Peer 1: 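To start, I am sharing the structure in question, which I have written as structure tokens.
Keep in mind the model is a prediction, meaning the values are calculated, not measured. Count residues from 1 along the sequence.
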Amino acid sequence: MSEFIVKVHGCRGSVPVSGAKFMRYGGATTCFEIEVSPTDRLLVDAGTGAMAIHDDVPNGEPLSFSILMTHLHWDHCLALPFFKPLYHPDNQFTFYGRDVGGMDIEEAIDRVMRPPWFPVNFRGTAAKKRFRNVTEEPFWVDGFEVIPRILHHPDGVVAYRIQRGGRSIVIATDVEHGQAGSDEKLLGLASSADVLVYDAQYLPDEYLSEKEGWGHSTWLEAVTLAQKADVGQLILTSHDPSRDDDGVNAIVDQAQAAFPNTHAAFEGMEIEIG
């Protein structure tokens, strides 16, 4: 079976938000999930959206999590200290991420999850843990081929193409357009993908006036990339924490005028690949 489903547990950029104005798209930060089986989960990032998984895993059975980290800015790993499965000795975690700041993925996570910043040390949590360094070489996870590309963002970011049986999704959150090498790599990665999930945190005029260099992109760059790459569907993500539901709706309306099969990610969304 080549078809698969990607669940959106969090799609807010920078910091989580809450309140009546953020109900449609949600306020949790980035986490996407492919349910390989009831006990095997493939995640992209572990932002606060990952907390939604607690109530959706079987009790008393060993669980396996494969987590593809795009990068380690706080909004993409905020759930880890509070993620209940990490504290159970029968569970297995495999973290995939690139070296950054002279640290491998294990050390980088451990440095932000330890006293005095958090009372429990990451390496001391009960679950079994493995770590895999990510370059730009393809690898296999839970029956999926994963193709990574390192793109433009402060400290760098990894976009992932996840595919099986000719069906594919590209998740490129927290990427800033405008650097030629990065743009070229992303265009190649996204070429003919069924679904492209792309950072659209800023409006074009916001970006030009004050946000250049902040590590994010716009809906206009998203639709331009979607057209060039000939993708089937475009999903906008990394919604600005100050952007309420009406603001995201307005972005979608503008994007759909240029690329009709455009939608905005929202908590609870299920993206059918194929």
Peer 1: Ignoring hydrogens, what is the shortest heavy-atom contact between R164 and F144? Give both atom names and the distance.
Peer 2: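 Of all heavy-atom pairs spanning R164 and F144, the closest is NH1-CZ, 3.6 Å.
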
Peer 1: Backbone N or O of S14 within a donor-acceptor pair of the D75 side chain at under 3.5 Å?
Peer 2: yes

Peer 1: What I'd like to find out is whether the side chain of L220 reaches to under 4.5 Å of the side chain of Y207, using heavy atoms alone.
Peer 2: no

Peer 1: Compare every heavy atom of V170 with every heavy atom of A190, then report the nearest pair and how far apart it is.
Peer 2: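 Smallest heavy-atom distance, with atoms named: CA-CG2, 3.9 Å.
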
Peer 1: Hey, what do you get for NZ (K84) to CD1 (I53), rounding to the nearest 0.5 Å?
Peer 2: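 The distance works out to 13.0 Å.
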
Peer 1: Going from NE2 on H216 to CD on E176, what distance comes out if it is rounded to the nearest 0.5 angstrom?
Peer 2: 8.5 Å

Peer 1: Surrounding CD of E184 (heavy atoms of other residues, nucleotides or ligands, distance under 6.0 Å), is the total greater than 12?
Peer 2: no

Peer 1: Evaluate salt bridge (Lys or Arg N to Asp or Glu O under 4.0 Å) for R41 paired with D56, printing each intermediate quantity in order.
Peer 2: CA-CA 11 Å; R41 307 298 180 97; D56 191 36; 3.6 Å; yes

Peer 1: Walk me through it: do L187 and L225 pass the test side chain to side chain contact (heavy atoms under 4.5 Å, CB included)?
Peer 2: CA-CA 7 Å; L187 176 58; L225 174 61; 4.0 Å; yes

Peer 1: Donor-acceptor check, side chain of N261 to backbone of G232, threshold 3.5 angstrom: yes or no?
Peer 2: yes

Peer 1: Measuring from L78:CG to H76:NE2, what's the distance to the nearest 0.5 Å?
Peer 2: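 Taking CG in L78 and NE2 in H76, the distance rounds to 9.5 Å.
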
Peer 1: Apply side chain to side chain contact (heavy atoms under 4.5 Å, CB included) to E35 and I5, showing your working.
Peer 2: CA-CA 8 Å; E35 183 177 339; I5 293 175; over 6 Å; no

Peer 1: Which atom pair, heavy atoms only, marks the closest approach of S217 to Y198?
Peer 2: OG-OH, 2.9 Å

Peer 1: Can you confirm whether more than 12 heavy atoms, excluding those of E210, are under 6.0 Å from its CD atom?
Peer 2: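 For E210, atom CD is crowded (more than 12 foreign heavy atoms under 6.0 Å).
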
Peer 1: I'd like to know if L80 and F65 are part of one continuous hydrophobic network [Ile/Leu/Val/Met/Phe/Trp/Tyr, side-chain heavy atoms within less than 4.5 Å].
Peer 2: yes

Peer 1: Taking the side chain from S66 and the backbone from T94, do they hold a donor-acceptor pair closer than 3.5 Å?
Peer 2: no

Peer 1: Could you tell me if the side chain of H71 sits less than 4.5 Å from the side chain of D174, heavy atoms only?
Peer 2: yes

Peer 1: What distance do E272 atom CD and R167 atom CZ have between them, rounded to the nearest 0.5 Å?
Peer 2: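 Taking CD in E272 and CZ in R167, the distance rounds to 11.5 Å.
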
Peer 1: I'd like to know whether CE of M103 has more than 12 heavy-atom contacts from other residues, nucleotides or ligands below 6.0 angstrom.
Peer 2: yes

Peer 1: What are the two closest non-hydrogen atoms of G178 and D183, and how far apart are they?
Peer 2: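 So the minimum-distance heavy-atom pair works out to N-OD2, 3.0 Å.
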
Peer 1: If I compare all heavy atoms of M269 with all of A265, which pair ends up nearest, and what's the gap?
Peer 2: SD-CA, 3.6 Å

Peer 1: Within the side chain of D194, is there an N or O that forms a donor-acceptor pair under 3.5 Å with the backbone of S168?
Peer 2: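 Looks like yes, one N/O pair under 3.5 Å.
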
Peer 1: Kindly indicate, with the supporting measurements, whether the criterion salt bridge (Lys or Arg N to Asp or Glu O under 4.0 Å) is fulfilled by E267 and R12.
Peer 2: CA-CA 9 Å; E267 286 179 36; R12 187 66 57 173; over 6 Å; no

Peer 1: What orientation do Y25 and H239 show, parallel under 30°, tilted 30 to 60°, or perpendicular over 60°?
Peer 2: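 Taking H239 first and then Y25, their aromatic rings stand perpendicular (interplane angle over 60°).
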
Peer 1: Under a 4.5 Å side-chain heavy-atom rule over Ile, Leu, Val, Met, Phe, Trp and Tyr, are I105 and F83 clustered together?
Peer 2: yes

Peer 1: As an exercise, state the distance from CZ of R161 to CZ of R149, rounded to the nearest 0.5 Å.
Peer 2: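 Nearest 0.5 Å value for the CZ-CZ distance: 10.0 Å.
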
Peer 1: Donor-acceptor pair, K128 side chain versus P89 backbone, under 3.5 Å?
Peer 2: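 Yes, because the side chain of K128 sits within donor-acceptor range (under 3.5 Å) of the backbone of P89.
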
Peer 1: When you group the ILVMFWY residues by side-chain heavy-atom contacts below 4.5 Å and let the links chain together, are I171 and Y96 in the same group?
Peer 2: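 Yes: a chain of side-chain contacts under 4.5 Å links Y96 to I171.
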
Peer 1: Determine the interplanar angle of the F95 and F122 rings, folded into 0 to 90°, and report it as parallel if under 30°, tilted if 30 to 60°, perpendicular if over 60°.
Peer 2: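 Plane angle over 60°, so perpendicular.
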
Peer 1: Can you check side chain to side chain contact (heavy atoms under 4.5 Å, CB included) on F93 and T125, steps first, answer last?
Peer 2: CA-CA 11 Å; F93 282 76; T125 55; over 6 Å; no

Peer 1: How far apart are the closest heavy atoms of P85 and N91, and which atoms are they?
Peer 2: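 Nearest pair, atom of P85 first, then N91: O-ND2, 2.9 Å.
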
Peer 1: How are the rings of F139 and Y160 set relative to one another: parallel (under 30°), tilted (30 to 60°) or perpendicular (over 60°)?
Peer 2: perpendicular

Peer 1: Please examine the side chains of E107 and R123, heavy atoms only from C-beta on, and report whether any two atoms are closer than 4.5 Å.
Peer 2: yes

Peer 1: Between K211 and D240, is the closest basic N to carboxylate O distance under 4.0 Å?
Peer 2: no

Peer 1: If hydrophobic clusters are built by linking Ile, Leu, Val, Met, Phe, Trp and Tyr wherever their side-chain heavy atoms come under 4.5 Å apart, do V223 and I251 end up in the same one?
Peer 2: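 Yes, V223 and I251 fall within the same hydrophobic cluster.
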
Peer 1: Answer yes if the side chains of Q92 and S64 hold a donor-acceptor pair under 3.5 Å, and no otherwise.
Peer 2: no

Peer 1: Using side-chain hydrogen bond (donor to acceptor under 3.5 Å, both in side chains) as the criterion, point out the one residue from T173, T70, T30 that pairs with D45.
Peer 2: T70

Peer 1: Just so I know, are the side chains of R243 and L203 near enough to count as touching, which here means a heavy-atom distance under 4.5 Å?
Peer 2: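 Contact flag for R243/L203 side chains = yes.
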
Peer 1: Is there a side chain to side chain contact (heavy atoms under 4.5 Å, CB included) between I162 and V44 once you walk through the steps?
Peer 2: CA-CA 10 Å; I162 303 169; V44 177; 3.9 Å; yes

Peer 1: Starting at CE of M69, measure out to CG of L43 and round the result to the nearest 0.5 Å.
Peer 2: 9.5 Å

Peer 1: Could you tell me whether a side-chain N or O of Q227 sits under 3.5 Å from a main-chain N or O of A258, the two making a donor and an acceptor?
Peer 2: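 Side chain of Q227 to backbone of A258, a donor-acceptor pair under 3.5 Å: yes, one is there.
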
Peer 1: Just by modelled atom types, is the A127 backbone N or O under 3.5 Å from a matching donor or acceptor in the K129 side chain?
Peer 2: yes

Peer 1: Indicate yes or no for a side-chain donor-acceptor contact from D245 to the backbone of M23 under 3.5 Å, with no hydrogens or angles considered.
Peer 2: yes

Peer 1: Verify whether the ring centers belonging to H152 and H177 lie closer than 6.0 Å.
Peer 2: no

Peer 1: Decide whether W214 and L208 are clustered together by the hydrophobic rule: side chain heavy atoms of Ile, Leu, Val, Met, Phe, Trp, Tyr closer than 4.5 Å, transitively.
Peer 2: yes

Peer 1: Using only atom types and a distance under 3.5 Å, with no angle test, would you say the side chain of T262 pairs donor to acceptor with the backbone of F259?
Peer 2: yes

